[in-house]
Visitor: 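First the structure, then my questions, so here it is.
Because the structure is predicted, anything quoted here is derived from the model rather than measured.
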Amino acid sequence: MSLFLAFLGVSFIVIATPGPDTAITIRNTLLGGRAGGVSTALGIASGQTIWALATSAGIVALLVASEPLFLAVKYAGAAYLVYLGVKALQEALRPSHQAEVLAVAKPSRLTAASAFRQGLISDLGNPKMAVFFASLLPQFVPPGQESFAALLGLGVVFAVMTFTWLALYTTVVAKAGDFLRRPSIRRVIEGVTGTLLIGLGIRIATEHR
């Protein structure tokens, strides 16, 4: 029980620290409403569950050990974050009159399926999750327990915690939706989010393991 409580504490600190998952969830809530944010959070949690399964099966260890494969995942994930960031900046730089027209004509321009896909791809494209799961989860497996089931269970708990936290973000942003969707406010948020996503993508691409 003490190991599990320690795992919950470490996990909460990691999850509550803003990063790509938080940025994408906030942006997709503004684009697709609460459904868009929740779908994004579900996609992110699904990606983490896949990482947990891969860690339990030993696949992540092979990924981390293989430099070419690790770099391929890292650069692909970084490129996807930069792509989403560029799209956000394009929205931020859109002329005011066009932004107002789009806001009225298309109040929800992001489908739940697209939001889920963005969350899933952004998480699976982040190799830091592979390193994180491979290094963190084994430390909290009680001695004598079956490794596969224990690792998978901890990974699923982490994914559920992530979904719950991001769903709370979504609820707060959705309740402030009318204010945040004002063209001027929304353009500022898109600009900040786009810059953040591009910066995170560049950092992932350039940093060492």
Visitor: How close do Ala41 and Ala167 get, counting heavy atoms only, and between which atoms?
Guide: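 Looking at all heavy atoms of both residues, the shortest contact is CB-N, 4.5 Å.
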Visitor: Less than 4.5 Å apart, side chain to side chain, heavy atoms only: is that true for Phe148 and Leu53?
Guide: yes
Visitor: Going through the distances and angles, do Phe158 and Val14 end up as a side-chain contact (heavy atoms from CB on, under 4.5 Å)?
Guide: CA-CA 10 Å; Phe158 186 90; Val14 173; 4.2 Å; yes
Visitor: Would you compute the distance between atom CG of Asp21 and atom CD1 of Ile15 and round it to the nearest 0.5 angstrom?
Guide: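 Here the rounded value is 9.5 Å.
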Visitor: Run the side-chain contact (heavy atoms from CB on, under 4.5 Å) check on Ile26 and Thr29 step by step: do they pass?
Guide: CA-CA 5 Å; Ile26 292 175; Thr29 302; 5.7 Å; no
Visitor: Got a second to check how far Ile44's CD1 is from Phe163's CZ, nearest 0.5 Å?
Guide: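 Between atom CD1 of Ile44 and atom CZ of Phe163 there are 10.5 Å.
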Visitor: Which residues end up grouped with Ile198 if you chain together Ile, Leu, Val, Met, Phe, Trp and Tyr wherever their side-chain heavy atoms are less than 4.5 Å apart?
Guide: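 Same cluster as Ile198: Val82, Val86, Leu89, Ile202.
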Visitor: How many angstroms lie between CG in Leu154 and CZ in Phe140, if you round to the nearest 0.5 Å?
Guide: 8.5 Å
Visitor: Which distance, rounded to the nearest 0.5 Å, do you find between the CG of Leu137 and the OG of Ser56?
Guide: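 Atom-to-atom, Leu137:CG and Ser56:OG are 7.0 Å apart.
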Visitor: What I'd like to find out is whether the side chain of Thr49 reaches to under 4.5 Å of the side chain of Val160, using heavy atoms alone.
Guide: no
Visitor: Taking all atoms of both residues into account, what is the closest heavy-atom pair of Phe116 and Ser46, and its distance?
Guide: CE1-OG, 3.6 Å
Visitor: Test side-chain contact (heavy atoms from CB on, under 4.5 Å) on Leu8 and Met161; report intermediate values, then the result.
Guide: CA-CA 9 Å; Leu8 293 181; Met161 291 178 64; 3.7 Å; yes
Visitor: Can you tell me how far the OG atom of Ser11 sits from the CZ atom of Phe132, to the nearest 0.5 Å?
Guide: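 Interatomic distance, Ser11 OG to Phe132 CZ, rounded to 0.5 Å: 5.5 Å.
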Visitor: Just by modelled atom types, is the Gln48 backbone N or O under 3.5 Å from a matching donor or acceptor in the Asp123 side chain?
Guide: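 Side chain of Asp123 to backbone of Gln48, a donor-acceptor pair under 3.5 Å: yes, one is there.
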Visitor: Just so I know, are the side chains of Ile50 and Leu120 near enough to count as touching, which here means a heavy-atom distance under 4.5 Å?
Guide: yes
Visitor: Verify the ring-centre separation between Phe7 and Phe12: is it less than 6.0 angstrom?
Guide: no
Visitor: Considering all heavy atoms of both residues, which atom of Leu81 and which atom of Leu197 are nearest to each other, and what is their separation?
Guide: O-CB, 3.7 Å
Visitor: With a 3.5 Å distance limit and no angle check, can you tell me whether Ser39 reaches the backbone of Gly36 through a side-chain donor-acceptor pair?
Guide: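 It does not hold such a pair.
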Visitor: Counting C-beta onward and ignoring hydrogens, is there a side-chain heavy-atom pair between Gln118 and Leu110 closer than 4.5 Å?
Guide: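 Side-chain contact under 4.5 Å: yes.
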Visitor: Can you list the residues that meet the ring-ring contact (aromatic ring centres under 6.0 Å, His included) rule with Tyr169, with sequence neighbours excluded?
Guide: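 By the ring-ring contact (aromatic ring centres under 6.0 Å, His included) rule, Tyr169 matches Trp165.
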Visitor: Quick check: closest heavy atoms across Ala23 and Leu196, and the distance to 0.1 Å?
Guide: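 That would be CB-CD2, 3.8 Å.
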Visitor: What's the separation between atom CG in Leu136 and atom CG in Leu151, rounded to the nearest 0.5 Å?
Guide: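 It is 10.0 Å, given to the nearest 0.5 Å.
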Visitor: Please lay out, stage by stage, how Ser114 and Thr111 fare under the test side-chain hydrogen bond (donor to acceptor under 3.5 Å, both in side chains).
Guide: CA-CA 5 Å; Ser114 296; Thr111 65; 3.0 Å; yes
Visitor: Donor-acceptor check, side chain of Thr40 to backbone of Thr25, threshold 3.5 angstrom: yes or no?
Guide: no
